[in-house]
Enquirer: 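Please find one structure pasted underneath; my questions will follow.
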Amino acid sequence: MESAKGYIRQYLADPDLSLDRLATAENVSVRKLHEVFAAIGETPAAYVRHRRMERATALLAARRQTRQSVGSIAIACGFRDTSTFVRAFTRVFQCTCTPAQWSLTDGALDAAPVAPAN
């Protein structure tokens, strides 16, 4: 499990990070990955999504100082483009604000990675 988490951390910014690639790197089946992650109550995809959002919120929170664009934050967090990132952000955090708007609030909107509603 820790090895898989380490691999995910290492390749988090890679939009091509996939379950198949992770399973191959860990020398296990995709089914086994699901079993292992079930022990922590998440699917592998949800784990990756939450780590990406944690990284994104950290970068967004520092955006005033770094002047990093939302697009470059999206790419740094493994999203192929800004619009995909914005959709994921609003879905995961269940909010109507955009990442750019959230970054201007100093986190006042209390966005924190949460499991999407089923």
Side-chain angles (χ1 to χ4, degrees):
M1 172 65 107
E2 290 308 312
S3 177
K5 287 180 178 180
Y7 186 87
I8 290 167
R9 276 191 303 274
Q10 183 177 353
Y11 292 99
L12 198 60
D14 185 348
D16 293 322
L17 176 60
S18 68
L19 293 181
D20 287 334
R21 194 167 131 195
L22 177 59
T24 299
E26 293 298 307
N27 203 26
V28 297
S29 67
V30 170
R31 180 176 176 89
K32 182 64 175 175
L33 278 178
H34 279 282
E35 290 172 8
V36 168
F37 278 87
I40 63 168
E42 279 191 300
T43 65
Y47 182 84
V48 170
R49 184 173 45 253
H50 291 142
R51 299 304 75 79
R52 284 181 170 159
M53 286 299 153
E54 285 175 350
R55 179 178 286 177
T57 56
L59 293 173
L60 287 167
R63 189 166 172 250
R64 284 187 186 177
Q65 290 76 34
T66 65
R67 305 227 187 268
Q68 191 173 8
S69 71
V70 171
S72 66
I73 290 171
I75 299 302
C77 295
F79 294 91
R80 292 197 185 280
D81 55 58
T82 305
S83 60
T84 302
F85 171 60
V86 170
R87 281 192 306 275
F89 183 91
T90 56
R91 184 181 65 246
V92 168
F93 297 124
Q94 301 172 359
C95 67
T96 57
C97 67
T98 66
Q101 291 166 331
W102 184 86
S103 71
L104 298 175
T105 67
D106 294 326
L109 296 179
D110 201 25
V114 296
N118 291 334

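Side chains are part of it too, since the values below use all heavy atoms of this structure and drop only hydrogens, waters and symmetry mates.
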Enquirer: Report the hydrophobic cluster partners of Val30, with the cluster defined as I, L, V, M, F, W, Y residues connected by side-chain heavy atoms closer than 4.5 angstrom, directly or transitively.
Expert: Leu19
Enquirer: Quick one: does any side-chain atom of Gln101 pair with a main-chain N or O of Thr98 as donor and acceptor, under 3.5 Å?
Expert: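 Flag set: sc Gln101 to bb Thr98 pair under 3.5 Å.
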Enquirer: Nearest 0.5 angstrom please: Trp102 CH2 to Cys95 SG, how far?
Expert: 9.5 Å
Enquirer: Given 3.5 Å as the limit, does a donor-acceptor pair link the side chain of Arg63 with the main chain of Ser103, or not?
Expert: no
Enquirer: Quick test of your reading: applying side-chain hydrogen bond (donor to acceptor under 3.5 Å, both in side chains), list the pairs with at least one residue in residues 25-36, sequence neighbours left out, ordered by first then second residue.
Expert: Ser3-Glu26
Enquirer: When you group the ILVMFWY residues by side-chain heavy-atom contacts below 4.5 Å and let the links chain together, are Tyr7 and Leu33 in the same group?
Expert: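 Cluster IDs for Leu33 and Tyr7 match.
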Enquirer: Could I get the full list of side-chain hydrogen bond (donor to acceptor under 3.5 Å, both in side chains) partners for Arg55, not counting sequence neighbours?
Expert: none
Enquirer: According to a 4.5 Å side-chain heavy-atom criterion applied to Ile, Leu, Val, Met, Phe, Trp and Tyr, with indirect links allowed, do Val28 and Leu17 form part of one hydrophobic cluster?
Expert: yes
Enquirer: In Å and rounded to the nearest 0.5 Å, what is the CD to SG distance from Glu54 to Cys77?
Expert: 10.5 Å
Enquirer: Checking side-chain contact (heavy atoms from CB on, under 4.5 Å) between Val92 and each of Arg49, Arg52, Arg87, which is the one that passes?
Expert: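 Testing each of Arg49, Arg52, Arg87 against Val92, the sole residue satisfying side-chain contact (heavy atoms from CB on, under 4.5 Å) is Arg49.
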Enquirer: Over all heavy atoms of both residues, which pair between Thr82 and Val70 is shortest? Give the atoms and the distance, please.
Expert: CG2-CG1, 4.0 Å
Enquirer: State yes or no: do Phe79 and Ile75 share one hydrophobic cluster built from I, L, V, M, F, W and Y residues joined by side-chain heavy-atom distances below 4.5 Å, directly or via other members?
Expert: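 No, no single cluster joins them.
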Enquirer: In Å and rounded to the nearest 0.5 Å, what is the CG to CD1 distance from Leu22 to Ile8?
Expert: 5.0 Å
Enquirer: Apply side-chain hydrogen bond (donor to acceptor under 3.5 Å, both in side chains) to Asp81 and list each qualifying residue two or more places apart in sequence or on a separate chain.
Expert: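 Applying side-chain hydrogen bond (donor to acceptor under 3.5 Å, both in side chains) to Asp81 gives Ser83, Thr84.
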Enquirer: Mind listing the closest non-hydrogen atom pair of Leu60 and Phe89 along with its distance?
Expert: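 Where Leu60 meets Phe89 most closely, the heavy atoms are CD1-CE1, 3.8 Å.
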Enquirer: For Asp16, what residues pass the side-chain hydrogen bond (donor to acceptor under 3.5 Å, both in side chains) criterion, not counting sequence neighbours?
Expert: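 Residues passing side-chain hydrogen bond (donor to acceptor under 3.5 Å, both in side chains) with Asp16: Arg80.
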Enquirer: Please report, to 0.1 Å, the donor-acceptor pairs under 3.5 Å made by any side chain of residues 37-47, with sequence neighbours excluded.
Expert:
from  : atom 1 : to    : atom 2 : distance (Å)
Glu42 : OE2    : His50 : ND1    : 2.4
Thr43 : OG1    : Ala46 : N      : 3.0

Enquirer: Run the side chain to side chain contact (heavy atoms under 4.5 Å, CB included) test on Thr96 and Thr90 for me, step by step, so that the C-alpha distance in whole Å, both residues' side-chain angles and the decisive distance to 0.1 Å come before the verdict.
Expert: CA-CA 6 Å; Thr96 57; Thr90 56; over 6 Å; no
Enquirer: Do any N or O atoms from the side chain of Thr57 and from the backbone of Met53 form a donor-acceptor pair under 3.5 angstrom?
Expert: yes
Enquirer: Is there a side chain to side chain contact (heavy atoms under 4.5 Å, CB included) between Thr66 and Leu59? Walk through the geometry before answering.
Expert: CA-CA 9 Å; Thr66 65; Leu59 293 173; over 6 Å; no
Enquirer: State whether a side-chain donor-acceptor pair under 3.5 Å links Tyr11 with Arg21.
Expert: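 On atom types as modelled, these side chains do not qualify, holding no pair under 3.5 Å.
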